[in-house]
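First up is the structure itself, then whatever we jot down about it.
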Amino acid sequence: MNLLKELRERFRSALGTLVDNPEELLEMVRPSQDPRFGDYQANCAMPLGKRLGKPPREIAAQIVARLEWDEMCEPPEIAGPGFINLRLRTDWMATRLRESIQDSRVGVEPVETARTYVVDYSSPNVAKPMHVGHIRSTVIGDALCRILRFAGHRVISDNHLGDWGTQFGMIIYGYKHFRDEAAFAAAPVGELCRLYQLVSQLVDYHETRRRLPDWERRVAEREEAAAYQEAEALPAGGAERKRAAKRLRGLQAQAAEARAELAQAQEKLAAVERSPRLKSLVAEHPDIAQNVLQETARLHADDPENLALWHKFLPKCCEDIQRLYDRLHVAFDYTHGESFYQKHLSSVVRDFLDRGLACISDGAVCVFLDGFDTPMIIRKSDGAYLYATTDLATIAYRMRAFQPDAILYVVDHRQSEHFEKLFAAVRMWGYTDVELQHIRFGTVLDAKGKPFKTRAGDTVGLEGLLDEAVRKAHDVVRANDDAKPGGAELDGTQRRHIAEVVGHAAIKYADLSQNRTSDYIFNFDKMVALEGNTATYMQYSYARTQSIFAKGNIDVCRLRAADAALRLEHPAERALGLELLQFAEAIEETLVDYRPNLLTGYLFELARRFSEFYQQCKVLQAETESVRTSRLLLCDLTGRVIRCGLDLLGIQVVDKM
RNA sequence: GUCCCCGUGGCUCAAUUGGAUAGAGCGUCGGCCUCCGGAGCCGAAGGUUACAGGUUCGAAUCCUGUCGGGGAUACCA
C-alpha cells in the first residue's frame, strides 16, 4: 500500500466539505522530515486559513474533526501555526507489513492507468569505442525503464545507434587507404578503432593547420583589447570604476583562454610532426577532410562499395557494443539506429516545406521557431540531412509504431537546446498529445573539474573502467574474506563473481545516486570505497539478512506462510517497519521527475534503518519465540525490498560477500 | 553579445518542488566486537544555503540585481 496516497484520500474526503478543489492542498500532506512531528504531516491549514479568513489552528481542528483517522493513526496533533502531525498506529503498520510480506511485489501496487513510454538511451556511435560519457545515459536509461515497468507501465526501450554519420566516412576512408588486413581479420573492431583514430587525427591536423592563423589573430586581438582597456584611466566613480575593472578582468581572461587554445593547437600539430610516419601520411593525404565527407556522401547515396563496407563493419561493431551491454545487464527492445530512418528523411523535409513550417535560407532548409535566435536546420545547403532531421523522422515512426504517451530522451545536458527546438518543431508538426522529455544529465568530470579524459587527452574507455572497478572490488572482497573470524569461506570462483557484482554496482550506483542534472566528479576510490552511501553498503545489508537465515537454518517460505504476528515494539523495529512501508512512495516519487537518485536515497535510508535495527535488536537470540519470528519477518522483507530496489537500478546482490 | 544550468560545513552531495531547529557520506575527534557479518553502530566538532534587496504566516527553494563557475549559440552528433 502507498501510505501517502491512502492518507491523501482520507484528507480529500475531509477537505471536500471545506473547499471545492482540494487537489493542491493534498500536495501538502507529506512525510515529516523530523520524527518529532510524527510520521506524516499536513500543512494545508495555513493557506486555507488565509483563504477562508480564519485562524489556521481553527481550520486545522475542523479538518481533523472531519478526518477519518481512527484505525490508521494516533489522535492527530495540531502544532505551531497549524501543522497537523500524524503518527501511524503500530498495529495498523503491522497489518500492512504482513500484507507486504505475502505480496510478491512487496506492497507496491501497479499504477491504475498504465502509460506507454518510449525510452531512448545509451545511443553510442558505432565504430568508436564506448567511453565514460556513455555510462550515464546507459545506466540512467536502463534504471528508468526498469522502474517504469515495475510501476506497471508499458515500456519500449530503443537504442538510437549512431550508425550512419561521418565516423563511417572516416573508417571507410581509413579502410581503403590504411588497413592492416591481418589485424582486421584478428580483431576487426580494434582495427576499425585504430583506423578511426588515425583518420580523425589526420583530418584534425589539416583542420588545425588551416585555422591556425585565425587563432593567432584572435590572440592578438584579445591581447590588444585587454592592453587598451588597461591603458584607459579608471573612472573615478564607484560603480563605473568597478564595471571597468570587471571588463578588464574579462578581457584578460579571454586573452588567456585564446592563448591556451593556440598553445593546444600548436602542440597538436607538433605531436603529428614529431612522428615521421604521421608526418608523411599528412603530406600524402592533403585533402583527407573533403575525401572523408565524400565517402560519407557516397554511403548515403547507396554507393555499392561503401554500402558493402558498411554492412561488413556494422555487425562487428554491434557485437562489440553488445558485449558491454551483456556485462552491464542492459538490454533493449529495439536497436533502431540512424540508418533505420534514412529512407524517411526526404519526405520529412518535404512535408515541412509543403506545410509552410520550414523555409530555405542560405540554401539550407530551416525551421524558424518562436523564442530561438537560430533556426533548426533540417537539410544542409549541400543537400545532406542532420540529426535534427533523423530525430523528427524517428518521432514520426515511434508515434506510428508504438502510439506512446511519452518519449524520454536520456541525453547529455549540453543538448538541451537541440531538444527544446526539436520538441517545439514536433508540436508545430502536429504531435501535441505526447509527453516529450529530455532527461538531461551532467558531464562526467575528473578530480579537477574538467571533462574526464585520459592523461593523453583521450576519452576513457568504458570497458577498462569496468575492469578497474572489478579489480578494486576483488581486492576488497579478498581482504574481507581473509579477515573473517571463522576463516575464509569463499573460493576463487565465488570471489570473482562477487567482485564482478560489487564492482559493476559501484559504478552504476555512483552515477544513479547523484542528482542527474548536476555534473559529477568521477572518483574511483570513492566509488569503490565500499562504505557510506554506496551500492556495497546496500549489498552488505542484504547479505546480512541472508546470513541470518543461513545461520538460523530458517525456511523462509514456511516463515512467511505461518500466521505469526508482526510486532513493532522496539523503536528500531518501528522505524524499520515504517521505512519498509514507504517503498511504494519512493518509486512514485522517483518517477515524478525521472530521478533515480530518489530511489537510491530511499534504499540508503532503508539500509541504515536495518543496520540500526540489527545493532539494537537480537534476531536469532530474541527474548521470546514470537519476537524472534517477528524480527525474522522484518529481515525477510528488508532483504526483499533491498533486492527489488537494487534490481530496479540494474544492480545485483549476492548472499555472501 | 544572447539564451540555459549551477553556487549549500574542509571535500562530494541531499533536502519529497514554499514548511517547523537545512540533512547524509567522506575526512577529523571520542566511544562500541567473550554478543546473529565492525564493509557496521553511537556521539562530537563543523552552516548568515555566494552576496544584496524583495514577495508572505513561513524562502536553500519564487522575483530583481550583483559576483563567481559551467554549457549552448544555423548547415557535427
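Order of the sequence lines fixes the chain letters, A, B, ..., with proteins taken first and strands second; residue numbering starts at 1 for each chain.
- With RNA chain B read from its 5' end, the first of the two nearest nucleotides for K656(A) and R516(A) is the one closest to R516(A).
- You'll find that the side chain of D362(A) is closest to A74(B), out of A74(B), G19(B), G38(B).
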Return the polar atom pairs (N/O with N/O) between nucleotides 24-28 of chain B and the protein under 3.5 Å, or none.
from	atom 1	to	atom 2	distance (Å)
G25(B)	OP1	R608(A)	NH1	3.3

**Complete:** Nucleotide by nucleotide, nucleotides 2-8 of chain B touches protein heavy atoms under 4.0 Å in the pattern (B base, S sugar-phosphate only, - none) S------
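- One finds no side-chain N or O of T600(A) lying less than 4.0 angstrom from the OP1 or OP2 phosphate oxygen of C13(B).
- Remark: RNA chain B forms stems of 3 or more consecutive Watson-Crick or G-U wobble pairs, all pair distances under 3.5 Å, at B:1-7 with B:67-73, B:10-13 with B:23-26, B:28-32 with B:40-44, B:50-54 with B:62-66.
- Aromatic ring orientation, Y387(A) versus H418(A): parallel (interplanar angle below 30°, classes split at 30° and 60°).
- Distance from the side chain of Q615(A) is smallest to C41(B) among C41(B), A74(B), A14(B).
- One finds a side-chain N or O of Y540(A) lying less than 4.0 angstrom from the OP1 or OP2 phosphate oxygen of A39(B).
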Report, one line per pair, each donor and acceptor closer than 3.5 Å where one atom sits in a side chain of residues 54-61 of chain A; sequence neighbours left out.
from	atom 1	to	atom 2	distance (Å)
R57(A)	NH1	G80(A)	O	2.7
R57(A)	NH2	I78(A)	O	3.3

Every protein N/O within reach of nucleotides 21-23 of chain B N/O, cut-off under 3.5 Å:
from	atom 1	to	atom 2	distance (Å)
U21(B)	N3	R36(A)	NH2	3.2
U21(B)	O4	R36(A)	NH1	3.0

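- The D519(A) side chain lies nearest to G70(B) when the options are A20(B), G70(B), A39(B).
- Interface remark: the R30(A) side chain does not form any donor-acceptor pair with the U17(B) base, using a distance-only criterion of under 3.5 Å.
- For a distance-only test at 3.5 Å, the side chain of S513(A) fails to qualify as a donor-acceptor partner of the base of A14(B).
- Remark: H336(A) NE2 to H160(A) NE2 distance equals 11.0 Å, nearest 0.5 Å.
- Looking at every heavy atom in both residues, I642(A) comes nearest to S541(A) through CD1-CB, 4.0 Å.
- Taking the salt bridge (Lys or Arg N to Asp or Glu O under 4.0 Å) definition, one finds that D475(A) meets it with R471(A), R478(A), sequence neighbours left out.
- Electrostatic pairing of R495(A) and D482(A) counts as a salt bridge here, judged by a charged N lying under 4.0 Å from a carboxylate O.
- Counting non-hydrogen atoms under 4.0 angstrom, N85(A) reaches a base of the nucleic acid.
- Between the side chain of Q33(A) and the base of U16(B) there is at least one donor-acceptor pair of N/O atoms closer than 3.5 Å.
- Listed pair R544(A) / G38(B) meets the phosphate criterion, a side-chain N or O lying under 4.0 Å from OP1 or OP2.
- Residues Y409(A) and F423(A) place their aromatic rings such that the two centres sit under 6.0 Å apart.
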